[in-house]
Amino acid sequence: MRFALTGGPIDFTRVSVRSGDERPALVQDLLLRHGARWGVQTAGAAADFAFELDGEMVEAAISAGGTATFVWSQSQALGRLPRVDRVQADEAGVPRFIAGDLGTLTGGGNVRESARGWLADMAPVFRLGDETDLEAVRHHTDSLGKVHVRFRQYLHDLPVVGGELTVHADAVSGQVQAVTGRVVPAEALPLVPTLDPDEAIEAVAGRLAAEWASVDAPELVYVVTESGPRLAWQAVVEYEDEEGRSATSCSRTP
């Protein structure tokens, strides 16, 4: 595709591209990450400015993986918060810790729904799209009057093992003071497993003991690893070793 200013200005914050079944990527974010390498500089562009973006460029950008630098949409969302004192991000540029005056929980006495609504507004900060769901799994109020609401992440209706966020707020005022945890965006994620579920569990359980039995049917999940999220089969198996009868959760990534 070709982008040119001859027909008027282009709002790159509203233009996205998609490669296959992957999540659409904002052109503004692609330019922020890869514009220098592509030789594209939009700042101060004249009326005759133009550049082309082809499938190979998009594919290379996706293959390059994440970057610890926030993309434009994240920076804009953070800028709308009352005050951000500290942000720590993972290797992909997704925040794992944010502290400051991050807004207020609203929605009456249902703290879980209030925190869920607040996270929905924060979705751009964590690069979360419609394929992500956050389920509140627990909440409690500590002795200092702080309420903590923990959420578990789902992607494409599959649980994300290791994908959690906790919202920390003042129990009286509802002021959100921090959010911690780790979630993964649905960027360049596999959607179809390449391993048979029974063979995958057998390959792992067979290393534990010669005889074992699966307690439940293998479940398809996403697992957060050091190299990024992976699609995996997971099941609980029982086996016996020198210490006696045991049960453990086994998972195998393709």
Side-chain angles (χ1 to χ4, degrees), residues 23 74 77 81 86-90 92 94-100 102-187 189-191 193 197 201 214-226 228-238 247-253:
R23 174 186 176 186
Q74 288 176 289
L81 297 174
R86 186 179 179 187
V87 180
Q88 291 180 346
D90 62 18
V94 178
R96 300 186 67 172
F97 175 80
I98 307 175
L102 308 180
T104 305
L105 300 183
T106 59
N110 192 328
V111 66
R112 292 193 179 193
E113 285 303 311
S114 298
R116 181 187 174 100
W118 181 85
L119 280 176
D121 292 337
M122 289 281 286
V125 173
F126 297 96
R127 303 212 307 267
L128 301 179
D130 294 338
E131 56 282 287
T132 292
D133 187 26
L134 294 172
E135 176 189 25
V137 293
R138 62 167 296 189
H139 75 277
H140 75 281
T141 302
D142 63 24
S143 60
L144 299 177
K146 311 300 181 185
V147 62
H148 313 272
V149 189
R150 178 176 294 180
F151 291 83
R152 178 182 297 130
Q153 184 186 15
Y154 288 79
L155 276 173
H156 302 292
D157 296 325
L158 301 179
V160 180
V161 179
E164 292 184 342
L165 281 179
T166 300
V167 177
H168 310 270
D170 183 84
V172 176
S173 66
Q175 180 194 45
V176 180
Q177 299 170 340
V179 56
T180 59
R182 182 173 188 175
V183 291
V184 295
E187 299 166 357
L189 283 182
L191 301 178
I201 298 302
S214 181
V215 176
D216 51 12
E219 176 188 23
L220 195 60
V221 300
Y222 285 105
V223 176
V224 178
T225 69
E226 290 300 323
R230 303 286 299 276
L231 197 59
W233 290 106
Q234 177 176 271
V236 176
V237 299
E238 291 183 343
T248 189
S249 176
C250 294
S251 62
R252 172 70 185 272
T253 59

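Residue numbers start at 1 and run along the sequence shown.
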- [ ] Could you tell me whether the side chain of Val160 reaches within less than 4.5 Å of the side chain of Val183, counting heavy atoms only?
- [x] no

- [ ] Indicate yes or no for a side-chain donor-acceptor contact from Ser114 to the backbone of Thr106 under 3.5 Å, with no hydrogens or angles considered.
- [x] yes

TODO: Supply the atom-to-atom distance Thr141 OG1 to His148 NE2, rounded to the nearest 0.5 angstrom.
DONE: 7.5 Å

Task: Sub-4.5 Å side-chain heavy-atom contact between Asp133 and Arg116 - done: yes

Task: Min side-chain heavy-atom separation Tyr222-Leu231 under 4.5 Å - done: yes

TODO: May I ask you to test the Val167-Trp118 pair for a side-chain heavy-atom distance under 4.5 Å?
DONE: yes

Task: Inter-residue atom distance Leu220.CG - Asp157.CG, 0.5 Å rounding - done: 11.5 Å

Open item on the list: Using modelled atom types and a 3.5 Å cut-off, is there a donor and acceptor pairing between side-chain atoms of Arg112 and backbone atoms of Val149?
Closed with: no

Open item on the list: Tell me whether Asp130 at atom CG has more than 12 heavy atoms from other residues, nucleotides or ligands lying less than 6.0 Å away.
Closed with: no

- [ ] Verify, without hydrogens or angle tests, whether Glu135 (side chain) and Tyr154 (backbone) share a donor-acceptor contact under 3.5 angstrom.
- [x] no

Open item on the list: To the closest 0.5 Å, what do you measure between CG (Leu102) and CE (Met122)?
Closed with: 6.0 Å

Task: Residue pair Leu134 / Leu128, side-chain heavy-atom distance below 4.5 Å - done: yes

Open item on the list: Against Leu155, only a single residue in Thr132, Val221, Leu191 fulfils side chain to side chain contact (heavy atoms under 4.5 Å, CB included); can you say which?
Closed with: Thr132

- [ ] Please report the shortest heavy-atom distance between Ala235 and Pro218, naming the atom on each side.
- [x] CB-CA, 3.9 Å

Task: Distance in Å, Glu131 CD paired with Leu158 CG, rounded so as to fall on 0.5 Å steps - done: 12.0 Å

Open item on the list: For a 4.5 angstrom cut-off between non-hydrogen side-chain atoms, does Leu165 reach Gln153?
Closed with: no

Task: Check: Pro185 and Phe126 side chains under 4.5 Å, non-hydrogen atoms - done: no

Open item on the list: Is there a side-chain contact between Lys146 and His168 in this structure, where contact means two heavy atoms from C-beta onward sitting under 4.5 Å apart?
Closed with: no

